[in-house]
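Keep in mind it's a predicted model, so treat the numbers as computed, not measured.
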Amino acid sequence: DEASRQSAGLNVKLKQWRAELQPYDVVACGFSRGDLTIKNPRGTTPPEVAAQLEQRIKQLWARSAGLQRSPAAASLVNAGFEAQATSVDPAPGWERLDGALASVISNDAHEGRQSLRFASRQGDVRLASTPIKIPSSGRLSLSVWLKSPGAAQPSLRLAFAGRLSGREYYRYAAVGGGTPGAPELGPEWRQFVFPLQDLPTQGLADLRVRFELAGAGDVLIDDVRLNDLEFTNTERLELTKAISLAEYRLQRGDFGECVRLLEGYWPRFLMSYAPAPIVDPTLATKPVPRPTPSGTAPVTTEASRRWWPTIFR
C-alpha cells in the first residue's frame with residue numbers, strides 16, 4: 001500500500017495519462033513496473049461528435065416523414081388519360097398491342113375528367129406505356145385505379161416489361177378472374193399497388209408499364225402512378241425502430257452503437273435515395289413528425305382499399 005511504499009523510500013505519485021485517438025484507432029502502452037494500479041479510465045469525445053450525430057438523426061426523421069409526399073421518380077406520359085384523344089390515337093402516350101380496344105371515357109373517372117376503357121373481345125391484348133426512367137434505388141411501385149363495368153371478371157395483369165442485358169425482363173401481378181387468390185375488380189373504383197423491390201439498376205432498358213387482358217374483358221383505368229419510395233408498413237416500422245434506437249443510444253452517450261445503427265441498411269438507403277426535406281423557416285422551431293412506432297397509423301379510405309399483391313412472376 002502507499003504507507004509501506006513510503007516507508008520503503010519509494011516516491012509515489014498519482015499521474016494522469018491522456019491519449020488522443022482518431023476514429024477506430026488503438027493505442028497500446030507498456031510499463032516498466034508491475035505494481036501499478038490503473039483507476040478511473042474514461043473516454044471523452046469532442047462536443048461536435050454528438051452534434052453531428054444528432055443532426056444526422058434529425059435528417060433521417062425528416063426524410064422518413066417526407067416519404068408519403070415523395071414525388072414519383074419516373075413519370076408516365078398521359079398517366080391520367082386527360083390528353084386530347086383522336087380517332088387515330090385514342091390514348092396518347094400508350095401503345096395498343098395485339099388488337100387492343102381503347103377509348104376515352106369522359107363521364108366516369110377516379111380523378112380528373114377522363115379515364116380509359118381498355119377491352120378485348122376474345123384474344124389476349126396489351127396496353128403499353130412509353131419507356132420510363134430506371135430508378136437508381138432498385139425499387140419501383142405501380143399504383144393504378146381500376147373498375148370493371150361488366151358482370152364477368154376480366155383476367156388482367158399489371159406488368160413491368162423491358163430488356164435486361166438483351167433478354168426479356170418481365171414481372172407481373174394478377175388481378176381479376178383466372179388466377180386463384182387474385183383480388184377481384186368491382187363496379188366501384190379501387191386502387192391496386194404492384195411493388196418491385198429488386199429492380200435491376202444495371203443493364204435494364206426500354207422498361208414500360210403494361211396492362212394485359214387474357215381473353216375477353218373490359219376494364220376502366222385511371223390515375224396511373226409510379227414511385228420508387230413506396231414503403232410497406234413493415235418496412236416503415238423497421239426504419240422507425242432503427243432511427244429511434246440510434247436516438248436512444250445517442251442520448252445515453254453510446255456513440256459507437258449509435259454510429260453502427262446509423263450505418264445500417266435502412267438509414268443508408270434513406271440518406272441515399274429519399275429527397276432532402278425543404279426547410280420552411282416558419283416551421284424551424286417545430287419538431288419533426290415521426291412515423292407511428294407501432295405501425296398502426298390511422299388508415300384512410302384510400303389506404304384501406306390498397307392491395308399489395310402476393311402473386312409475383
Legend entry - Evaluation steps, salt bridge (Lys or Arg N to Asp or Glu O under 4.0 Å), between D35 and R33: CA-CA 6 Å; D35 57 347; R33 297 175 52 167; 2.9 Å; yes
Check for a donor-acceptor pair, side chain of [X] on one end and backbone N or O of [Y] on the other, with a separation under 3.5 Å.
X	Y	value
R208	G162	no
E82	R113	yes
T201	G138	no
R63	A274	yes
W266	K241	no
R163	D206	no
D124	G215	yes

Quick one: pull up [atom1] in [X] and [atom2] in [Y] and give me the separation to the nearest 0.5 Å.
X	Y	atom1	atom2	result
R236	L239	CZ	CG	8.5 Å
Q114	D222	CD	CG	9.5 Å
S120	D218	OG	CG	9.5 Å
D223	L146	CG	CG	10.5 Å
E95	T130	CD	OG1	10.0 Å
E235	R139	CD	CZ	4.0 Å

[Y] side chain reached by [X] side chain, heavy atoms, under 4.5 Å:
X	Y	answer
D228	L199	no
L261	V259	no
K147	S115	no
S129	R210	no

At their closest point, which heavy atom of [X] faces which heavy atom of [Y], and how far apart are they?
X	Y	result
A83	N78	N-OD1, 3.1 Å
V104	A85	CG2-CB, 3.6 Å
L60	L270	O-CD2, 3.4 Å
V77	W94	O-NE1, 3.3 Å
E184	R190	O-NH1, 3.1 Å
P154	L185	CG-CD1, 3.6 Å

Is there a path of hydrophobic side-chain contacts, each under 4.5 Å between heavy atoms of I, L, V, M, F, W or Y residues, that connects [X] with [Y]?
X	Y	answer
L76	I221	yes
L164	I132	yes
L245	L262	no

Inset, instruction - Take T234 and L237 through the test side chain to side chain contact (heavy atoms under 4.5 Å, CB included) and record every step on the way to the result. - result: CA-CA 5 Å; T234 299; L237 179 59; 5.7 Å; no
Inset, instruction - Can you establish whether the number of heavy atoms outside E48 located under 6.0 Å from its atom CD is more than 12? - result: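 More than 12 heavy atoms, drawn from other residues, nucleotides or ligands, come within 6.0 Å of this atom.
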Legend entry - Greater than 12 external heavy atoms within 6.0 Å of I38's CD1: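 No.
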No-hydrogen, no-angle side-chain donor-acceptor test under 3.5 Å, [X] and [Y]:
X	Y	value
W189	D108	yes
Q153	S148	no
N227	S141	no
Y170	R157	yes

Inset, instruction - Give me the ring orientation class for Y273 and F269: parallel if the planes are under 30° apart, tilted from 30 to 60°, perpendicular past 60°. - result: tilted
Inset, instruction - In sequence, state the C-alpha distance, the side-chain angles, and the governing distance for L116 and L127, and then conclude on side chain to side chain contact (heavy atoms under 4.5 Å, CB included). - result: CA-CA 11 Å; L116 185 73; L127 181 71; 3.5 Å; yes
Legend entry - salt_bridge(E111, R225) N-O dist < 4.0 Å: yes
Inset, instruction - Assess whether side chain to side chain contact (heavy atoms under 4.5 Å, CB included) is satisfied between L250 and E247, documenting all intermediate values. - result: CA-CA 5 Å; L250 175 61; E247 191 171 45; 5.7 Å; no
Inset, instruction - Report the C-alpha distance between L101 and F118 in whole Å, list the side-chain angles of each, state the deciding distance to 0.1 Å, and finish with yes or no for side chain to side chain contact (heavy atoms under 4.5 Å, CB included). - result: CA-CA 6 Å; L101 303 176; F118 173 48; over 6 Å; no
Legend entry - Candidate list F160, F211, Y172, test ring-ring contact (aromatic ring centres under 6.0 Å, His included), partner F194, passing option: F160
